[in-house]
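Structure, as structure tokens:
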Amino acid sequence: MIVQSAPTAARLALPSEPNGSRFQAPRRVEGVDQKKERVRILIVEDDFLIAMQTETVLSEAGYEVVGTASTADQAILLAREKRPALAVMDIRLEGERDGIDAAKHLFDELNIRCIFATAHDDAITRQRAEPIAPLGWLAKPFTGDSLVALVNSTLTKFD
Amino acid sequence: MQERVARVIGRLGAFDHRQAEGVLTLDARLAATYEHVGAGIVEIDRDGRMLRVNQQLCELTGYSRQELLGRTIFQETVPEDVEADLQQFNRQLAGEIDRYTIEKRIYRRDGSHFWAEVKSSSVRDAEDRFLYAVRVQHDITDRKRAEDALAHRMREQAALFEFSDRLQYVNSAQKIHDVALDAIIRALACERAAILLFDSSDVMRFVGWRGLSDAYRKAVEGHSPWTRNEKNPEPIYFEDVPDSGLSNELKETIAAEGIGAVAFIPIQQDGQLIGKFMAYYDVPHLFTESEVEVALTLARQLGFSIARIETEIARRAAERDALRLVSIVECSDDAIVSKDLSGNIQTWNAGAQRLFGYTAKEAIGQPVTMLIPNDRQDEEPNILARLRRGERIHHYETVRRHKNGHLIYISLSVSPVRDGFGQIIGASKIARDITERKEAQRKLQESEQRLQELIAAIPAAIYTTDAEGKITYYNEEAATLAGRRPTLGSDEWCVTWKLYHPDGRPLPHHECPMAVALKEGRAIRNAEAIAERPDGTRIPFIPFPTPLRDASGKVVGAINMLVDISERKQAESQQRLLLNELNHRVKNNMQILHSLLFTSAKRAKSDEVRQVLEEATRRVAAMAAAQRALYVSTDASRFAASDFLQAVCQTVQQTLPVDVKIVCETATGVLSNDAAMPLSLILNELLTNAVKHGIKDCTTPIIRVGLKELDGELELYVEDGGDGFDLHAIRKASSGLQLVLGLARQLHGTFQVTRVPSRASLRFAAGLPS
């Protein structure tokens, strides 16, 4: 399943301002200029709800989600077409190939780097992913805020 | 002098005055007679002083008349003979006797002496007073010498006779030596004697002696004037040792022992020199021919006697041995039988009767084949043929038949018997009953067979090695586990092809647990290894090597059982996979729940609903953080306070305004899994409260959080720099606080709030399973 990004949702989902509450919805990232071209991110996640939340928080944080892929093959096709700057990658995916396979392909063919967002946060999995030099690891379950914080810091370093 | 002669005669009372006219002529004749009468004549006074001597005496003694006159006769007598003469002379002086005759030795001028027969007659006056004595001395030296020689011969003969006589009764070598020494001393009239014989190393050693010091014997032992194989050893004499041609050293040794003369007399046996005897004289000694004869006779007798006693001893020993052999044969538990070359039984001992049932009477003269079962009758011709060739048969195991018909297992040894010419005339057979041993062997074989069957049937790989680690046995399971068939007797230590440690490092065979067990002589337990088969597959296994010992405790080998644990390993890894999967699912599901609430909050139309949903989202996030901490733990039932606090605080921090800082102060101790979820929710609520109520007006808002062990309990606290709140005042209004109080009850904890400092804390038991 390929879910095209919904630019309207991204635009609408601006930080909410609850009454009397000091709590914030995920904050817009400092230094990401809206006028500049927004950083393009590919989401690779086979769970619909998680994919939707990921897309929402990244869009609200000012990034451009170029699409959501639920298999490795879709991820590669989408990446070839949309040329994202970064992929947020789940490891366990539908189909035979997993996220590490997909990430390797993206890196080898398109030089696209990844942040892994996965419940597979063990030493063996990290060792397998080592050759493709992931930009970060986000252990599930994660909050939208922690995802945005990681993407922000990764891109700052990456720049 | 004429006057004196007259008085002598007068005293004799036989003077005839009618013959006076012829006196002068007579005197002259008498004087001539006196001087040359053929006997020495001396007149002596009462002190024995010589008053007058005749010419004959001067000739006998070699002195001149002047030299003799004035000296006493006793001065001129050999001292040993003085006393007897003096005694008689005194009686003569006292008038007890008129005359006496005595034989004594008288010195010559040259220091030698001669034997004389002395007749002493006294001359007295009318009042019977002693005037002087006339002594007539005849030289009897030749007679004396002849007498001595005769006495000597008689002594020698007596000694030889006694020696021969005594030798009849002696029955030991020592006694022969004693008797011979007596005879030597007596026959040769020596003071000391010794007998020396060659020992087994051909050294001449003292075997008997008289009057010799230990030092002397030690000094001269081994010395022989003849070589061991000298054909005609001659007697050797040293008549005067200091003048002899002996070495100075030997002379000194002999002189120190006080020996003046010595004779070496060879002792022979069948023409072979076997030793010597020695005769020692304190003073120089002239060995006469007759002495030499006697010495050689003694030596012959001695040699003969020694030979006789040796033969006697040998005969007695042979007799004793023979008796002993007979007794051994009779008492032996083994059957001992002899037979002639036709195979007929000649002797039959008690053991044979016990073993075969026949008495000696029944067996002797019968063919030995009566003992042989029908199916083995061909054995006897074969045995006889080998015997004729002079061969011996050792421990030949066969079967014989008892008188009552039952069969007996025996071990047979057969040796040829030869006559005095070396001709084989028969055979001796020793038979031992080995029925019990055979039975034991059969039982052992059966038991070994059973053991092998048992080991083969055990569903575990088992193999054995000898003490050097060479494989001696393996069962089928062992071959299956190893994936190969080991070579018995050459493969070492383990049946497997290759070995590895559990961590994958190669394990050389000579360092494997079996090798250690053998080298250190102890059973090895709790080891684990991986075997690689020739096809490359690997099997984890647990070995149980155990050394085997003989009765003396010496390690003679080892047995090893290899238990294949690949199934257990697979189950373990399966379980690990399952747990990982479960963890993954839980975390993923919580992520989905979080996303669901997040999305719902986004879509909520009412602020209140959105607020409730956002609150719920944060609570789920806190629980998700706790779940992560649980997953870090390797233990399935507990987790570290530090991991937990870190994870939950990081998650909550992300939902707080940027200026609010959560500081994790301390985190110690271990928590039960049951506490994880309630505690994460409590912490989330307390942090939320602190932000809402505690630090709302602070410029640098900091919240301090800690989880520490305190008096055996754990305390979770949250402090802020604000005014705090009154628990009772707001507990009804705050759904968050109600949640905290409810969960605190669930943890059996005590919840406390203070205002200065503004602090909320929960004390609870760790609740760890023991």
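So you know, we letter chains A, B, ... as the sequences are listed, proteins then strands, and number each from 1. Computed from heavy atoms alone, side chains included, the values below leave out hydrogens, waters and symmetry copies.
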Rounding to 0.5 Å, atoms CZ (A/Arg92) and NE2 (B/His584) come to a distance of 4.5 Å
Exercise. For atom CZ of A/Arg40, is the number of surrounding heavy atoms from other residues, nucleotides or ligands below 6.0 Å larger than 12?
Worked result: yes
In short, A/Thr143 meets B/His594 closest at the heavy-atom pair CA-CE1, 3.6 Å
Okay, A/Ala149 and chain B: the region with an atom under 4.5 Å from a heavy atom over there is neither
Per-residue tally against chain B (heavy atom, under 4.5 Å) across A/Ala51, A/Pro141, A/Ala119 peaks at A/Pro141
Residue pairs passing the side chain to side chain donor-acceptor pair (under 3.5 Å) test with at least one member in residues 43-52 of chain A, sequence neighbours excluded, are A/Glu45-A/Lys140
By ring-ring contact (aromatic ring centres under 6.0 Å, His included), A/Phe142 pairs with (sequence neighbours left out) none
One should read off an interatomic distance between A/Asp145 CG and B/Phe598 CZ, to the nearest 0.5 angstrom, of 8.0 Å
Exercise for the section: Please tell me if the side chains of B/Asn588 and A/Thr118 come closer than 4.5 Å, counting only heavy atoms from C-beta onward. Expected result: no
Rounded to the nearest 0.5 Å, the CG atom of B/Leu593 sits from the CG atom of A/Leu49 at a distance of 9.5 Å
Would you indicate whether A/Ile124, at its atom CD1, is surrounded by more than 12 heavy atoms from other residues, nucleotides or ligands within a distance under 6.0 Å? no
Value for CZ (A/Phe48) from OG1 (B/Thr599), rounded to nearest 0.5 Å, stands at 7.5 Å
Taken to the nearest 0.5 Å, the spacing of B/Leu596 CG from A/Met52 CE works out to 8.0 Å
Heaviest contributor of heavy-atom pairs below 4.5 Å to chain B, chosen from A/Ile50, A/Thr54, A/Asp90, is A/Ile50
